[in-house]
Amino acid sequence: MKGLYWFRRDLRYFGNEALIYAIKAGTRNAVFFVSKSQWAEHDAAAIQVDLILRRVAFLGKALARYGVTLHIIEAPDFNLQQEALISFCEEHDVSEVYANAEYEINERERDVNIANSLSALNMAFYLYDGDVIAKPGTVTTNSGEMFKVFTPFKKAWLKQREHYFPSIEPWPLAEQQIDWAVPNCLASSGESSKWPVDDETLYELVDRFITEKLMDYSAKRDFPSIKGTSGLSPYFALGIVSVKQVLAAILQAYPDLLNQPSRPEFSWINELIWREFYRHLIFTWPHLCKRRNFNNKYDFVVWRSNQHEFTAWCEGKTGYPLVDAAMRQLNQTGWMHNRLRMVVASFLTKHLLIDWRLGEKYFMSKLIDGDLASNNGGWQWAASTGCDAQPYFRIFNPITQSEKFDPKGTFIRKYVTELKEVPDKYIHFPHDYLVLKPSDYPKPIVDHKLARERALAAFKGE
Ligand SMILES: Cc1cc2nc3c(=O)[nH]c(=O)nc-3n(C[C@H](O)[C@H](O)[C@H](O)COP(=O)(O)OP(=O)(O)OC[C@H]3O[C@@H](n4cnc5c(N)ncnc54)[C@H](O)[C@@H]3O)c2cc1C
């Protein structure tokens with residue numbers, strides 16, 4: 001054995017350039033570490049862990065079809081991963097290890113340690129950037145600084161795109177079946193079974209999104225009762241689907257799209273650039289991974305500690321129907337629509353004035369697409385401690401958001417079943433109606449106007 005490929009959050013073989021380079025260099029063995037303690041320490045949701053295990057089982061079988069062996073090793077945390085990797089390399093005469101980079105602080109520290117240990121043993125460690133389109137740290141101002149707001153970052157990203165325009169390497173191996181059995185440690189509880197893991201279904205999903213939904217994305221993306229978004233976030237978060245590959249497929253259908261920001265299809269590219277932006281942020285300011293404010297100007301804000309209200313938010317029992325429907329969607333499905341993530345994050349941090357870190361942690365523990373960079377970025381944006389170009393007085397009104405984005409209450413009624421019979425007129429704030437028709441639905445835990453004033457005062461330091 002000479003080369004070894006190390007799978008992490010890049011659980012794919014097609015569109016995995018690092019793996020393809022390794023294979024071209026003769027590598028026929030790969031490794032994946034099942035690190036349950038480490039995942040728990042990073043608050044990974046049970047549904048996401050299940051998706052990882054199911055996908056790794058799929059990957060092991062798929063690679064075996066091409067004569068590549070996937071070795072599954074239980075190594076509870078990063079330290080043990082390092083020990084296990086070194087002993088595997090020594091035992092099997094490995095001289096080169098290939099992997100895709102991860103940009104979170106613990107992962108980067110782990111990789112530095114591993115690179116040093118491998119180098120001391122005369123083994124090479126090659127890291128690629130398969131999780132992104134633009135390598136973090138490469139989209140900068142003219143003076144080489146990282147952007148602190150999104151729009152100039154986006155402009156620079158678009159300008160620099162010739163350097164990383166997606167070129168997808170074809171899969172290099174012919175079929176050559178070898179034996180491979182799913183090991184017991186990949187046993188799945190089936191919690192994520194609604195999310196397919198086989199490539200055929202995933203390619204169909206991507207293809208259908210591009211051919212049938214992309215043109216309507218900007219019109220439909222904000223309405224949670226409509227399936228107007230791609231639903232690809234769990235696959236991007238775990239590298240099951242390559243962002244580069246999807247971008248390349250979109251550019252095949254719309255060759256000039258990157259020069260046409262006013263086209264409706266471009267608004268999807270815009271979201272992909274947000275993803276890139278947040279990866280650049282954690283790469284440049286690793287303290288973000290340690291739950292520090294991006295903007296230390298707001299370190300003085302005194303967050304309220306109120307377990308009762310936090311629990312009501314988590315359980316979807318705030319008395320604000322859209323917030324409650326959203327939290328119940330998260331609790332029941334492991335996913336939440338982007339518009340609602342903004343609404344509930346604003347509600348927790350502004351209406352309840354509860355620390356964004358608690359919301360960030362709760363989201364991670366529930367989301368199938370939990371991803372440190374995007375989750376932290378989204379939470380700090382909503383809490384106004386992040387890189388929002390608007391100042392702290394952006395406070396979403398949960399009632400007008402509901403009227404605008406769920407006008408008939410279709411989404412609310414799906415998850416807040418107590419409100420099924422409430423007429424449209426009252427669905428966004430049903431309490432006047434419920435006085436006459438008592439129900440189990442909770443009373444509002446805060447008054448919108450008072451909560452807004454309290455948040456403004458807290459951010460002004462009053
Ligand atoms: C408070 C908060 C927390 C969030 N936490 C996460 C998280 O843990 N993991 C995660 O992947 N996304 C997170 N997002 C971003 C966004 O809500 C999800 O990516 C999106 O809802 C996923 O659905 P989709 O795949 O259908 O998205 P689409 O609308 O189809 O977008 C395509 C892809 O672009 C990326 N994307 C879309 N919106 C954003 C965004 N605002 N920021 C960064 N990337 C984006 C995602 O990878 C997504 O799959 C968060 C947003 C907020 C406001």
Side-chain angles (χ1 to χ4, degrees), residues 9 42-45 47-48 51 104 131-133 150 153-154 157 195 202 205-206 208-210 212-214 216-224 226-247 249-250 264-282 289 313 323 326-327 329-330 333-350 356-388 394 396 401 405:
R9 289 195 161 215
H42 288 174
D43 301 316
I47 191 170
Q48 187 179 65
L51 185 68
E104 295 86 350
D131 179 47
V132 281
I133 298 160
F150 176 70
F153 173 86
K154 178 172 85 173
W157 188 96
W195 296 83
L202 294 179
L205 207 120
V206 171
R208 235 180 304 127
F209 177 70
I210 296 174
E212 294 170 17
K213 287 185 169 181
L214 188 59
D216 293 329
Y217 177 76
S218 67
K220 294 187 174 166
R221 61 181 289 254
D222 272 316
F223 296 89
I226 302 175
K227 284 199 169 145
T229 67
S230 68
L232 288 174
S233 53
Y235 302 114
F236 287 155
L238 298 177
I240 293 172
V241 172
S242 143
V243 280
K244 265 191 196 172
Q245 209 170 11
V246 176
L247 179 62
I250 290 178
E265 295 82 1
F266 184 89
S267 54
W268 195 81
I269 306 288
N270 211 52
E271 297 310 311
L272 223 51
I273 306 176
W274 270 105
R275 183 180 185 274
E276 302 261 306
F277 178 55
Y278 287 142
R279 275 158 168 66
H280 265 69
L281 287 186
I282 63 158
C289 304
W313 177 84
V323 173
M327 293 306 293
Q329 179 183 41
L330 175 65
T333 70
W335 187 84
M336 191 195 287
H337 189 279
N338 180 59
R339 169 60 45 185
L340 303 177
R341 295 188 203 207
M342 294 193 285
V343 170
V344 302
S346 174
F347 191 86
L348 185 76
T349 56
K350 302 286 175 62
W356 59 266
R357 294 163 188 88
L358 291 177
E360 182 199 31
K361 191 173 166 65
Y362 188 74
F363 261 36
M364 275 314 261
S365 73
K366 293 284 169 187
L367 280 172
I368 190 163
D369 63 16
D371 169 85
L372 193 150
S374 300
N375 195 37
N376 183 280
W379 271 98
Q380 295 226 43
W381 181 92
S384 298
T385 57
C387 57
D388 189 357
R394 185 206 294 274
F396 281 51
Q401 288 284 311
F405 298 114

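Note that ligands are numbered from 1 as they come in the structure, with each ligand's atoms numbered from 1 the same way. Everything quoted here is computed from the prediction, not taken from an experiment.
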From CA spacing to verdict: side chain to side chain contact (heavy atoms under 4.5 Å, CB included), Arg394, Phe396: CA-CA 6 Å; Arg394 185 206 294 274; Phe396 281 51; 3.5 Å; yes

Which residue is it: Arg9, Arg279, Arg275? I am looking for the one with a side-chain hydrogen bond (donor to acceptor under 3.5 Å, both in side chains) to Asp371. Arg279

Ligand 1 N/O within reach of His337 N/O, cut-off under 3.5 Å: no

Atom 6 (C) of ligand 1: which protein heavy atom is closest, and how many Å away? Arg341 NH1, 3.2 Å

Students should be able to answer this: which protein heavy-atom is nearest to atom 17 (O) of ligand 1, and at what distance? Asn338 OD1, 2.7 Å

What residues, two or more places apart in sequence or in another chain, satisfy side-chain hydrogen bond (donor to acceptor under 3.5 Å, both in side chains) together with Arg208? none

Using every non-hydrogen atom in the two residues, find where Leu340 and Ala326 come nearest and quote the distance to one decimal. CB-CB, 3.6 Å

May I ask which of Asp222, Leu367, Thr229 has a heavy atom nearer to atom 26 (O) of ligand 1 than the others do? Thr229

Only one of Thr385, Thr349, Asn375 passes side-chain hydrogen bond (donor to acceptor under 3.5 Å, both in side chains) with Gln380, and that residue is Thr385

So if I count the atoms of ligand 1 from 1 in the order they appear, which ones are less than 4.0 Å from some heavy atom of Gly370? 8 (O)

In ligand 1, which numbered atoms sit nearer than 4.0 Å to a non-hydrogen atom of Leu232? 25 (O), 49 (O)

For atom 32 (C) of ligand 1, what's the nearest protein heavy atom and its distance? Trp268 NE1, 3.2 Å

May I ask you to identify, for Phe236, whether its side chain, its backbone, both or neither come under 4.0 Å of ligand 1 on a heavy-atom basis? side chain

Compute both the distance and the angle, then confirm whether Arg341 meets the cation-pi test with Trp335: under 6.0 Å from the six-membered ring centre, within 45 degrees of the axis. yes

So is Phe277 touching ligand 1 or not, going by heavy atoms under 4.0 Å? no

protein heavy-atom neighbour closest to atom 8 (O) of ligand 1 works out as Asp371 N, 3.1 Å

If the cut-off is 4.0 Å to any non-hydrogen atom of Arg275, which atoms of ligand 1 fall inside it? 43 (C), 44 (N), 47 (O)

Closest non-hydrogen protein atom to atom 42 (N) of ligand 1, residue and atom name please, with distance? Tyr278 CE1, 3.4 Å

Hey, does the side chain of Ser233 reach the backbone of Asp369 with a donor-acceptor pair shorter than 3.5 angstrom? no

So, for Trp313 and Gly359, which heavy atoms are closest and what is the spacing to 0.1 Å? CH2-CA, 4.0 Å

Looking at ligand 1, is there an atom of it that comes within less than 4.0 Å of some heavy atom belonging to Trp335? yes

Only one of Tyr278, Tyr362, Phe363, Trp356 clears ring pair (Phe, Tyr, Trp, His ring centres under 6.0 Å) with Trp379; which? Phe363

Which residue and atom name correspond to the protein heavy atom nearest atom 19 (O) of ligand 1, and how close is it? Ser233 CB, 4.0 Å

Ligand 1 contact by Phe209, heavy-atom criterion under 4.0 angstrom: no

At a 4.0 Å cut-off, with the gap strictly under it, does some heavy atom of Arg221 reach an atom of ligand 1? no

Quick one: nearest non-hydrogen protein atom to atom 5 (N) of ligand 1, plus distance? Asn375 OD1, 3.2 Å

May I ask you to decide if Pro264's main-chain N or O and Ser267's side chain share a donor-acceptor pair within less than 3.5 Å? yes

What do you reckon, does Gly377 put a non-hydrogen atom under 4.0 Å from ligand 1? no

What I want to know is whether Gly231 and ligand 1 share at least one N or O pair that is separated by under 3.5 angstrom. yes

Heavy atoms of Trp195 and Thr333 approach each other most closely as NE1-O, 4.4 Å

Donor-acceptor contact below 3.5 Å, side chain Asp43 vs main chain Ser365: no

the protein heavy atom lying closest to atom 36 (N) of ligand 1 turns out to be Glu271 O, 3.7 Å

Closest non-hydrogen contact found for Ala249 with Ile210 is CB-CD1, 3.7 Å

Any N or O of Met342 that comes nearer than 3.5 Å to an N or O of ligand 1? no

